[in-house]
Structure formats: C-alpha cells, structure tokens
Protein chains: 2
Amino acid sequence: MQIYSKTCEYALRALVYLALKGKGVFIGASEISEATGIPGPYLTKIFQNLTRRGFLKSRRGVSGGVALCHQPEDVSLIQIVEAIDDLTPFDECVMGLDQCEDHNGCPLHPIWSNAKNEIFLKLKTTSLMDLTKNSKKMKYRRLRRQRLLSAFSDDA
Amino acid sequence: MQIYSKTCEYALRALVYLALKGKGVFIGASEISEATGIPGPYLTKIFQNLTRRGFLKSRRGVSGGVALCHQPEDVSLIQIVEAIDDLTPFDECVMGLDQCEDHNGCPLHPIWSNAKNEIFLKLKTTSLMDLTKNSKKMKYRRLRRQRLLSAFSDDA
DNA sequence: TTTAAATAGGATGTATATATCCTTTTTCGC
DNA sequence: GCGAAAAAGGATATATACATCCTATTTAAA
C-alpha cells in the first residue's frame with residue numbers, strides 16, 4: 001500500500017531540504033545526503049533526473065551543487081511524482097478487470113477511486129513550500145542499521 | 001499507487017473464481033489459469049501458499065485441484081491481503097519521517113491516513129462472496145499480447 | 001498394476017527498483 | 001596553469017517481485 005515509489009519519496013525529501021534553503025541556493029549532494037539519510041550515490045542519480053526535468057539547476061566543481069529552479073510555493077507535489085513515477089497504471093482496476101468503470105466497477109472500485117482522487121487532488125494542491133511547514137526539525141528513517149545522524153554533522 | 005501486490009491481485013482473482021464454484025468444489029489450476037489469465041506456473045505457487053495458510057485444500061492426481069476451505073461469505077479480503085502481502089510498512093510515513101503521528105504529522109499524513117483507514121475497513125468488511133457479485137462475466141487483463149479470453153470459456 | 005493427470009516443492013530465470021562505483025568534465029582557489 | 005572539489009554519465013551490483021521449469025509424489029481410472 002503506497003502512494004509513490006521510494007525514489008519519489010527520496011526526491012521529495014531532498015527537494016524539501018532545498019526548499020528550506022530557498023530558490024537558487026546551491027547545496028552539495030553530500031550535505032543533502034547527510035541531512036536526509038538518502039544514500040549519496042543514489043541521490044546524485046535522482047538529482048540528474050530532476051535537473052533534466054527542470055526542477056533543479058546544477059553547478060559542477062568546487063562549491064557546486066544543485067539548486068531549485070522555482071520558488072517552493074510554485075512546485076506542486078504532483079509535478080514531482082509524475083516526473084519520477086509512472087502514473088499510467090494509475091487507473092487500472094485493483095482486481096485486474098479489463099473494464100472497471102464508475103457505473104459498473106468491481107466492489108473495490110468506488111472506495112479506491114475515491115481515495116485516489118483525494119490523494120491526487122492533495123498532491124496537486126500541496127506545494128514544496130507546504131511540505132516545509134512541519135519539516136523544520138525532521139528526522140528521517142535510515143536504511144539498515146545506520147546511526148541516526150543529525151543534519152549537518154561533519155563526522156562523515 | 002497501489003493497494004496490494006500483483007501476487008495478491010492474482011490470489012483474489014483466483015479465489016473469486018473458486019467462490020463462484022462454491023466451497024469444497026475442486027477445480028484444476030489449469031482451468032483457473034485459463035479463465036483468469038494468471039500465468040499457470042505462478043498460480044500454482046500462489047495456491048501452495050494459500051493452501052498452507054488454510055484458505056484452500058488441495059487434491060493431487062487425476063481430477064485433483066484446489067477448493068475453498070470456507071464459505072465465500074466467511075472470508076474477508078483483508079485476511080487474504082495480510083496472508084500474501086507484508087502489511088508492516090503500512091504505517092510508515094510517506095515522506096520517510098521517523099515520527100509522523102496524527103497530532104503532528106507531515107502534510108500528507110491526514111489524507112493518506114484517512115485513505116488507508118477507509119480501504120482497510122473496506123477490505124475487512126468485504127468478503128469473497130461480495131467480490132463475486134459483479135464478477136459473473138469478468139474479463140481480466142492479460143499479460144503481454146495474449147488473447148482476451150472471456151471467463152469460463154472452454155476454448156483452452 | 002500400470003498410466004495419465006494433477007499438485008508439491010525445489011531450483012532457476014527475468015524484470016524492475018534500488019543502490020553503488022568509476023571515470024570524465026567542470027569549476028574554483030591557489 | 002594546477003590541484004581539489006563536485007556533478008555528469010555510464011556501468012555495474014543488489015534486492016525483491018514476478019514468472020517458469022523440472023522432478024517427485026499422489027490420485028483415479030483403465
């Protein structure tokens with residue numbers, strides 16, 4: 001039971017971190033990896049993707065990094081989810097029915113259809129800025145049994 | 001965006017087919033595979049699992065097959081989903097927050113929490129019998145470019 | 001008792017998502 | 001210009017879900 005992929009969750013976490021810094025502020029991937037608990041090499045891949053898709057701009061070299069292209073309030077979550085995940089199977093019947101319409105769907109159709117619509121609307125109306133609201137002092141889950149590093153720790 | 005795994009969807013489709021036949025009626029895996037479009041070898045694995053977990057009884061040999069152990073109205077969907085999928089990450093925050101409670105969750109927490117509760121309740125209160133209601137003349141999605149067989153067709 | 005049909009169970013193959021590594025290119029500071 | 005820092009990009013590794021294959025065992029019927 002999930003809304004979006006783990007990769008997409010990572011993207012959101014990283015973008016929220018950048019949103020807290022503000023549009024156009026360049027931050028290194030290693031800092032973001034440390035702060036958010038996202039595996040560094042994987043994060044750089046996600047950044048490449050987000051850069052190609054116009055969410056981020058990147059700068060190489062010393063004091064390089066990535067920065068938001070837009071104001072956090074101008075980026076909706078649905079834009080990010082659509083860019084990372086494939087939402088085409090979004091409308092497939094959970095029972096695997098070839099046809100499952102509103103008027104004659106499977107027993108799970110109405111409730112799942114409703115839930116999806118609500119979530120979809122929420123993703124459309126929630127911006128990166130909104131996501132930063134409750135995220136001032138976040139602690140993220142870590143992979144495996146790693147230590148829970150506090151953001152900005154320098155003990156790499 | 002999904003409720004349960006593809007394996008679980010297969011299990012439900014197969015169990016609905018058996019529910020239409022009634023409790024205790026043995027049906028061969030090949031017939032069920034034909035009728036539901038579930039890959040045969042994979043279906044037998046799912047049946048082994050469902051048998052071990054007490055949903056089905058199996059009979060080997062000529063005119064063998066699997067049969068429901070219980071009346072279709074006595075089996076809830078949540079029982080099946082819990083048996084097939086791992087629902088432990090069910091409560092993990094979609095933003096990856098270590099703590100994400102009702103009183104102080106991430107912005108997506110309320111809506112996702114709600115949706116999950118509704119779906120969970122529906123799965124609890126819907127039985128195999130209920131699932132058969134709209135499933136008399138089902139056509140299921142097929143893998144790859146197979147023919148779209150109508151359910152219960154005898155043109156194996 | 002033999003044979004065919006069917007599930008059980010183990011092993012293996014494939015696809016995709018997740019994660020890492022290495023080399024190249026760019027950029028800054030000296 | 002040189003060296004270090006950092007992202008880009010390609011290749012590879014790992015985990016899991018999905019799917020198939022082969023052999024053994026069981027069963028019913030001829």
Side-chain angles (χ1 to χ4, degrees), chain A residues 1-11 13-14 18 25-34 36-53 55-67 81 84-89 96 141-144 146 154 156, chain B residues 1-11 13-14 18 25-34 36-53 55-67 69 81 84-89 96 141-144 146 156:
Chain A
M1 190 116 82
Q2 59 172 35
I3 301 183
Y4 40 64
S5 68
K6 191 140 203 64
T7 302
C8 196
E9 178 195 314
Y10 285 164
R13 278 155 74 169
L18 284 164
V25 179
F26 283 87
I27 310 286
S30 58
E31 173 183 334
I32 301 173
S33 167
E34 282 292 324
T36 60
I38 304 167
Y42 196 54
L43 182 59
T44 64
K45 286 298 172 193
I46 295 170
F47 281 157
Q48 283 177 33
N49 193 0
L50 290 173
T51 300
R52 263 184 253 113
R53 291 174 186 277
F55 293 100
L56 300 177
K57 51 191 170 186
S58 68
R59 201 166 58 192
R60 293 185 177 184
V62 177
S63 75
V66 291
V81 174
I84 303 280
D85 287 345
D86 178 19
L87 288 186
T88 47
R141 288 194 310 269
R142 246 65 179 178
L143 286 181
R144 292 172 193 154
Q146 300 180 4
D154 48 3
Chain B
M1 190 117 79
Q2 60 172 35
I3 301 182
Y4 39 65
S5 68
K6 191 139 203 66
T7 302
C8 195
E9 178 195 313
Y10 285 163
R13 279 155 74 168
L18 284 164
V25 179
F26 282 87
I27 310 286
S30 58
E31 174 183 335
I32 301 174
S33 167
E34 281 293 323
T36 59
I38 304 167
Y42 196 53
L43 182 59
T44 64
K45 286 300 172 192
I46 295 170
F47 281 157
Q48 284 178 32
N49 193 0
L50 290 173
T51 301
R52 264 184 254 113
R53 290 174 187 275
F55 293 100
L56 301 176
K57 49 191 170 187
S58 67
R59 202 166 56 192
R60 294 185 177 185
V62 176
S63 74
V66 291
C69 287
V81 175
I84 303 278
D85 288 345
D86 177 19
L87 289 186
T88 47
R141 288 194 308 271
R142 245 67 181 176
L143 286 180
R144 294 173 193 155
Q146 298 179 5

Not counting sequence neighbours, which residues clear side-chain contact (heavy atoms from CB on, under 4.5 Å) with A:K57? List them please. A:F26, A:A67, A:C69
When rounded to whole Å, the CG to P distance for the pair B:L56 and C:dA6 reads 17 Å
To the side chain of B:Y42, which of C:dT7, D:dT20, C:dG9 is closest? D:dT20
Spell out protein contact along nucleotides 22-30 of chain C as letters: B when the base is contacted, S when just the sugar-phosphate is, - when no protein heavy atom is under 4.0 Å; keep the 5' to 3' order. ---BBBB--
Rounded distance [0.5 Å steps], OG1 in A:T51 versus CD1 in A:I46: 11.5 Å
Begin with the C-alpha distance, continue with both residues' side-chain angles, and end with the deciding distance and a verdict on side chain to side chain contact (heavy atoms under 4.5 Å, CB included) for A:V66 and A:I32. CA-CA 10 Å; A:V66 291; A:I32 301 173; 4.2 Å; yes
Find the distance B:I46:CD1 to C:dA8:C1' and express it as a whole number of Å. 15 Å
Quick one: side-chain contact (heavy atoms from CB on, under 4.5 Å) partners of A:V25, sequence neighbours excluded? A:K21, A:I27
Would you say A:S58 reaches D:dA8's phosphate, i.e. side-chain N/O to OP1/OP2 under 4.0 Å? yes
Supply the atom-to-atom distance A:Y10 OH to A:T36 OG1, rounded to the nearest 0.5 angstrom. 9.0 Å
According to side-chain contact (heavy atoms from CB on, under 4.5 Å), who are the partners of B:Q48, at least two apart in sequence or on a separate chain? B:K45, B:R52
Atom pair distance, as rounded to whole Å: NZ in B:K57 and C1' in C:dA6: 17 Å
Check side chain to side chain donor-acceptor pair (under 3.5 Å) between A:Y42 and all other residues, then give those that pass, not counting sequence neighbours. A:T7
Interatomic distance where CD1 belongs to A:I38 and P belongs to C:dA17 [whole Å]: 18 Å
In this structure, how many angstroms lie between the P atom of D:dA17 and the CG atom of B:N49, rounded? 13 Å
Calculate the interatomic distance between A:K6 atom NZ and C:dT20 atom P; express it in whole Å. 12 Å
Checking all strands, does B:G40 fall into the base, sugar-phosphate, or nothing category for heavy-atom contacts under 4.0 angstrom? nothing
For B:R53, give me all partners under side chain to side chain donor-acceptor pair (under 3.5 Å), at least two apart in sequence or on another chain. B:N49
Taking only nitrogen or oxygen atoms into account, show me every contact under 3.5 Å that the protein makes with nucleotides 10-14 of chain C, one pair per line with its distance.
residue	atom	partner	partner atom	Å
C:dG10	N7	B:K45	NZ	3.0
C:dG10	O6	B:K45	NZ	2.6

Once you round it to whole Å, what is the distance between P of D:dA7 and CD1 of A:I27? 11 Å
In this structure, how many angstroms lie between the P atom of D:dA17 and the OH atom of B:Y4, rounded? 17 Å
Output yes when at least one side-chain N/O atom of A:T7 is less than 4.0 Å from OP1 or OP2 of C:dT18, else no. yes
List in chain and number order the residues that pass side chain to side chain donor-acceptor pair (under 3.5 Å) with A:S63, two or more places apart in sequence or in another chain; answer none if no residue qualifies. none
